[in-house]
Amino acid sequence: QEQLVESGGGLVQAGGSARLSCAAAGGTWSNYVMAWFRQAPGKEREFVAAVSWSGDNTHYADSVRGRFTISRDNAKDTIYLQMNSLKPEDTAVYYCAAEWAYSGSRVYTTPSQYDYWGQGTQVTVSS
């Protein structure tokens, strides 16, 4: 059974850094677009970053561009989200998502485009 498992969340001070990981298991994930979304209390789930299955195309939300970096290691079926210069408004549950793509450069940016989701990991940024 395919599953995505996030790790690396926790409590971080504003201005600090954190690294999230998402391990994919139970299938062949090399042809899947992978992404990170987040959801703060009372808000809708929002796109953070995505990486194509070839790894040569990435896309970021304006709110995190320049601070966050998404990457993937296809040999390990794992993606990462390096988060720097964290702000209190980055506080949310972060979710990993995956969706099959025909094109190696394709990325998706809306939750409805993804069929596979992890359980989420909490990131709390204190001021």
Side-chain angles (χ1 to χ4, degrees):
Q1 182 177 357
E2 297 90 348
Q3 61 177 348
L4 303 173
V5 180
E6 302 98 334
S7 61
L11 177 63
V12 185
Q13 285 192 330
S17 298
R19 188 194 196 203
L20 304 182
S21 300
C22 171
T28 301
W29 296 93
S30 57
N31 284 60
Y32 281 72
V33 176
M34 305 290 288
W36 290 96
F37 289 79
R38 66 186 182 186
Q39 189 166 17
K43 295 187 177 181
E44 294 187 351
R45 192 166 299 189
E46 66 173 0
F47 171 76
V48 175
V51 58
S52 62
W53 61 253
S54 67
D56 65 355
N57 188 21
T58 57
H59 189 72
Y60 296 91
D62 289 342
S63 59
V64 306
R65 187 175 291 113
R67 299 188 298 123
F68 291 10
T69 302
I70 188 171
S71 61
R72 69 187 295 158
D73 184 340
N74 285 341
K76 297 181 178 180
D77 284 334
T78 300
I79 66 167
Y80 307 95
L81 185 69
Q82 178 66 42
M83 305 183 293
N84 298 328
S85 303
L86 282 161
K87 305 175 182 180
E89 50 263 45
D90 294 318
T91 295
V93 177
Y94 283 71
Y95 296 92
C96 175
E99 181 57 38
W100 186 87
Y102 178 80
S103 168
S105 296
R106 187 73 183 268
V107 294
Y108 306 117
T109 61
T110 60
S112 62
Q113 293 175 301
Y114 289 86
D115 283 335
Y116 298 96
W117 292 87
Q119 81 289 349
T121 185
Q122 176 71 46
V123 175
T124 302
V125 184
S126 63
S127 57

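Please read all numbers here as calculations on a predicted model, not as lab measurements.
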Inset, instruction - Evaluate the side-chain proximity of W29 to L4: yes if any heavy-atom separation is below 4.5 Å, no if none is. - result: yes
Legend entry - Pairing residues for V123 by the side-chain contact (heavy atoms from CB on, under 4.5 Å) criterion, not counting sequence neighbours: L20, M83, Y94, V125
Legend entry - Sequence neighbours excluded, every pair satisfying salt bridge (charged side-chain N to carboxylate O under 4.0 Å, His left out) that has a member inside residues 26-40: R38-E46, R38-D90
Inset, instruction - Check the pair Y102 / N31 against side chain to side chain contact (heavy atoms under 4.5 Å, CB included), numbers first and verdict last. - result: CA-CA 7 Å; Y102 178 80; N31 284 60; over 6 Å; no
Inset, instruction - Under the salt bridge (charged side-chain N to carboxylate O under 4.0 Å, His left out) rule, collect the residues that match up with R19, sequence neighbours excluded. - result: none
Inset, instruction - Output all residues satisfying salt bridge (charged side-chain N to carboxylate O under 4.0 Å, His left out) with D56, sequence neighbours left out; order by chain, then residue number. - result: none
Inset, instruction - Give a yes or no answer on whether the side chain of Y32 reaches the backbone of A97 with a donor-acceptor pair at less than 3.5 Å. - result: no
Legend entry - Heavy-atom closest contact (N57 atom, S105 atom, distance): ND2-O, 2.7 Å
Inset, instruction - For V5 and Q119, work out which heavy atoms get closest and say how close. - result: CA-OE1, 3.8 Å
Inset, instruction - Would you give the length of the straight line joining atom CD of Q82 to atom CZ of R67, rounded to the nearest 0.5 angstrom? - result: 12.0 Å
Inset, instruction - Answer yes if V12 and I70 sit in the same cluster of Ile, Leu, Val, Met, Phe, Trp and Tyr residues linked by side chain heavy atoms under 4.5 Å apart, and no otherwise. - result: yes
Inset, instruction - Go through the steps for L11 and S126 under the test side chain to side chain contact (heavy atoms under 4.5 Å, CB included), then give the verdict. - result: CA-CA 7 Å; L11 177 63; S126 63; 4.2 Å; yes
Inset, instruction - Would you kindly confirm whether Y116 and I79 end up in one hydrophobic cluster when ILVMFWY residues are joined by side chain heavy atoms under 4.5 Å apart? - result: yes
Legend entry - Sub-6.0 Å ring centroid separation between F47 and W36: no
Inset, instruction - Measure the CH2-OG distance between W100 and S30 for me, rounded to the nearest 0.5 Å. - result: 11.0 Å
Legend entry - Heavy-atom side-chain proximity of F37 to P111 below 4.5 angstrom: yes
Inset, instruction - Would you name the heavy atoms of Y60 and T69 that are closest together and state the gap between them? - result: OH-CA, 3.4 Å
Inset, instruction - Would you check if there is a donor-acceptor pair between the side chains of S54 and S52 at a distance under 3.5 Å? - result: yes
Inset, instruction - Please step through side chain to side chain contact (heavy atoms under 4.5 Å, CB included) for the pair V48 and L81, ending with a clear verdict. - result: CA-CA 10 Å; V48 175; L81 185 69; 4.2 Å; yes
Legend entry - Centroid-centroid under 6.0 Å between Y108 and H59 rings: no
Legend entry - Shortest non-hydrogen contact between A35 and Y114, atoms and distance: CB-OH, 3.3 Å
Inset, instruction - Could you tell me whether a side-chain N or O of W53 sits under 3.5 Å from a main-chain N or O of A101, the two making a donor and an acceptor? - result: yes
Legend entry - Any donor-acceptor pair under 3.5 Å from Q3 side chain to A25 backbone: no
Legend entry - Heavy-atom pair with the smallest gap, counting every atom of A40 and A92: N-CB, 3.8 Å
Legend entry - Set of residues satisfying salt bridge (charged side-chain N to carboxylate O under 4.0 Å, His left out) with respect to D77, sequence neighbours excluded: none
Legend entry - OG1-CE distance between T58 and M34, expressed to the nearest 0.5 angstrom: 15.0 Å
Inset, instruction - State whether the side chain of T121 and the backbone N or O of S7 hold a donor-acceptor pair below 3.5 Å, judged by distance alone. - result: no
Inset, instruction - Without swapping roles, check the side chain of N84 against the backbone of F68 for a donor-acceptor pair under 3.5 Å. - result: no
Legend entry - D115: partners by side-chain contact (heavy atoms from CB on, under 4.5 Å), with sequence neighbours left out: E99
Inset, instruction - Using only heavy-atom distances, determine whether the side chains of T91 and E89 contain a donor-acceptor pair under 3.5 Å. - result: no
Inset, instruction - Quick one: do S21 and E6 satisfy side chain to side chain contact (heavy atoms under 4.5 Å, CB included)? Show the steps, please. - result: CA-CA 6 Å; S21 300; E6 302 98 334; over 6 Å; no
Inset, instruction - Determine, for Y95 and R45, whether the Lys NZ or Arg CZ falls below 6.0 Å from the six-membered ring centre while staying within 45 degrees of the axis. - result: yes
